[in-house]
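Data block below; observations after.
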Amino acid sequence: MQSKGSRNVAVVRSPISALLLCTIAAMASFYVAGRLWQDAETRVYLGKELDRITGQGKSAISVDDTLKIIGCREQQKKLTALEMELAAARQEGFVSNHLSTTKNAPKKRPLVVIGVLTSFGRKNNREVIRKAWMSSGDALKKMEDQKGVIARFVIGRSANRGDSLDRGIDIEDKNYNDFFILESHVESPEELPKKTKLFFAHAAERWEAEYYAKVNDDVYVNIDALGSTLAAHIDKPRVYIGCMKSGEVFSEEGQKWYEPDWWKFGDGKTYFRHASGEMFVISKALARFVSINRAILRTYAFDDVSTGSWFIGLDVKHIDDKKFCCASWSTGGICAGA
């Protein structure tokens with residue numbers, strides 16, 4: 001009897017327990033859902049606040065990206081400071097040549113810069129050259145603008161700087177404006193190789209031309225023939241053009257063509273192939289090479305040998321052109337000796 005009653009009580013309590021459990025489960029579900037929704041809302045709010053505070057408006061970035069942003073901001077500050085300095089410099093009139101020229105249409109690069117190496121006491125030679133082929137005044141400017149040929153007399157300074165020799169050159173330059181004065185060079189016949197080196201070095205810095213030519217002040221030049229010849233080699237990056245020759249190295253002191261470093265040329269005592277000194281041409285790449293390395297380029301007794309020695313170990317095209325042999329003026333020739 002008791003066991004039967006006990007079973008009846010269990011049957012009566014079962015529906016109540018199930019209902020209670022369902023109610024509790026439903027309430028728990030609502031509670032969990034509410035917390036999840038609240039947490040999601042909180043995360044969105046915190047994300048927006050973080051974006052607002054950092055000013056990024058994006059998700060968190062890596063350390064590398066942060067460093068890049070900091071670097072960019074530093075560069076921006078430097079750029080702003082430089083722009084302010086440039087604006088102040090413009091107001092003061094200090095504007096670089098590069099900035100001033102870029103405002104205008106780019107000028108055509110000159111074909112060749114001709115340096116006529118002269119010295120004190122050679123004014124008559126210079127006058128003859130001006131009348132024969134170099135011209136002066138408006139004609140000289142016209143040759144530069146229309147033919148791309150810049151010609152200047154190249155000279156240094158007197159050992160007694162500022163004396164009558166220097167003043168005479170300054171007066172002549174003021175009258176003709178056709179000198180390229182090497183201020184750091186002291187005129188001396190023994191220093192001709194150094195003078196030639198300085199001409200190429202400084203000319204390459206002053207004019208950006210396709211070629212640079214060295215000419216003696218007793219040589220006449222056919223400008224049209226020179227221009228045609230050089231134009232034919234414009235596609236070659238490194239050229240050394242002239243009347244190529246070789247010859248004996250004189251080892252006895254007192255001889256006219258004595259070479260103090262004769263022993264460097266071997267037992268045969270013969271110079272390597274080089275362009276004759278009356279006139280020769282080098283391309284812009286070689287002129288820049290001379291300009292950059294002027295301090296370590298060795299000079300010998302003669303400027304033509306010295307110039308040839310600078311290009312011995314380089315990838316240079318030696319062009320032996322008989323039109324540069326100035327011994328006599330031939331048909332189509334480029335130069336002739338006086």
Side-chain angles (χ1 to χ4, degrees), residues 93-94 97 100-101 107 110-209 211-223 226 277-281 287 290-291 294 299 302-304 306-307 326 335-338:
F94 299 104
N97 292 332
S100 59
T101 54
K107 296 181 68 174
L111 176 64
V112 60
V113 175
I114 303 175
V116 183
L117 270 65
T118 188
S119 58
F120 301 120
R122 306 277 289 183
K123 185 175 181 179
N124 289 339
N125 289 58
R126 293 191 289 271
E127 292 290 356
V128 171
I129 285 178
R130 290 186 182 105
K131 294 177 181 178
W133 63 269
M134 186 170 153
S135 303
S136 60
D138 293 338
L140 181 63
K141 186 67 168 58
K142 184 178 180 181
M143 185 173 71
E144 296 177 8
D145 296 338
Q146 296 185 359
K147 298 184 178 182
V149 178
I150 298 173
R152 295 290 187 274
F153 290 109
V154 181
I155 196 168
R157 286 300 188 181
S158 169
N160 301 313
R161 196 177 182 89
D163 62 7
S164 60
L165 296 177
D166 279 348
R167 291 196 299 272
I169 293 298
D170 290 337
I171 293 172
E172 190 176 346
D173 187 33
K174 185 177 180 179
N175 292 334
Y176 292 100
N177 194 28
D178 58 2
F179 276 87
F180 186 36
I181 300 176
L182 304 174
E183 296 289 348
S184 62
H185 178 70
V186 177
E187 277 295 318
S188 171
E190 295 77 18
E191 296 296 333
L192 181 58
K194 180 181 177 182
K195 181 178 178 180
T196 301
K197 179 173 67 172
L198 290 177
F199 159 66
F200 285 130
H202 290 300
E205 293 172 352
R206 179 167 176 178
W207 295 285
E208 188 177 359
Y211 299 97
Y212 300 83
K214 177 262 176 177
V215 181
N216 288 342
D217 68 356
D218 56 357
V219 170
Y220 302 105
V221 178
N222 184 333
I223 294 297
L226 175 63
E278 288 84 3
M279 179 179 185
F280 55 83
V281 180
V290 174
S291 178
R294 73 186 79 169
T299 56
F302 309 105
D303 67 327
D304 52 358
S306 299
T307 303
C326 306
C335 61

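Values below: all heavy atoms of this structure, side chains included; hydrogens, waters and symmetry mates excluded. Model, not experiment: these values are computed from the prediction.
Of the residues listed (R130, R126, E127), the one engaging Y176 in a side chain to side chain donor-acceptor pair (under 3.5 Å) is E127, and it is the only one. Among K214, K195, K194, the single residue meeting the side chain to side chain donor-acceptor pair (under 3.5 Å) criterion with D303 is K214.
Annotation: D138, atom CG; neighbour count of heavy atoms from other residues, nucleotides and ligands within 6.0 Å does not exceed 12.
Side chains of L226 and M279 form a contact here, defined as non-hydrogen atoms less than 4.5 Å apart. Looking at L182 and I155, their side chains never come closer than 4.5 Å, going by heavy atoms from C-beta outward. Here the side chains of I223 and I114 are in contact, with some heavy-atom distance below 4.5 Å. In this structure the side chain of Y220 reaches within 4.5 angstrom of the side chain of V128, judged on heavy atoms.
Identified under the salt bridge (Lys or Arg N to Asp or Glu O under 4.0 Å) test for residues 148-166, with sequence neighbours left out: E144-R152, R157-D166, R157-D170, R157-E183, R161-E183.
In terms of heavy-atom proximity, V281 sits nearest to Y211 at CG1-CB, 3.6 Å. For P193 against T299, the heavy-atom pair with the smallest separation is CB-CB, 3.8 Å. In terms of heavy atoms, F120 sits closest to G156 at CZ-O, 4.1 Å.
A distance-only check finds a donor-acceptor pair linking the side chain of T196 to the backbone of L192 [under 3.5 Å].
For the residue pair S291 and E205, a side-chain donor N or O sits within less than 3.5 Å of a side-chain acceptor on the partner.
Checked against the 6.0 Å centroid criterion, the rings of Y212 and F200 do not qualify as a close aromatic pair.
Here W207 pairs with F180 under the ring pair (Phe, Tyr, Trp, His ring centres under 6.0 Å) rule; sequence neighbours left out. Residues satisfying the ring pair (Phe, Tyr, Trp, His ring centres under 6.0 Å) test with F199, not counting sequence neighbours, are none.
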*Given side chain to side chain contact (heavy atoms under 4.5 Å, CB included), test L117 with D217 step by step and report yes or no.*
CA-CA 6 Å; L117 270 65; D217 68 356; over 6 Å; no

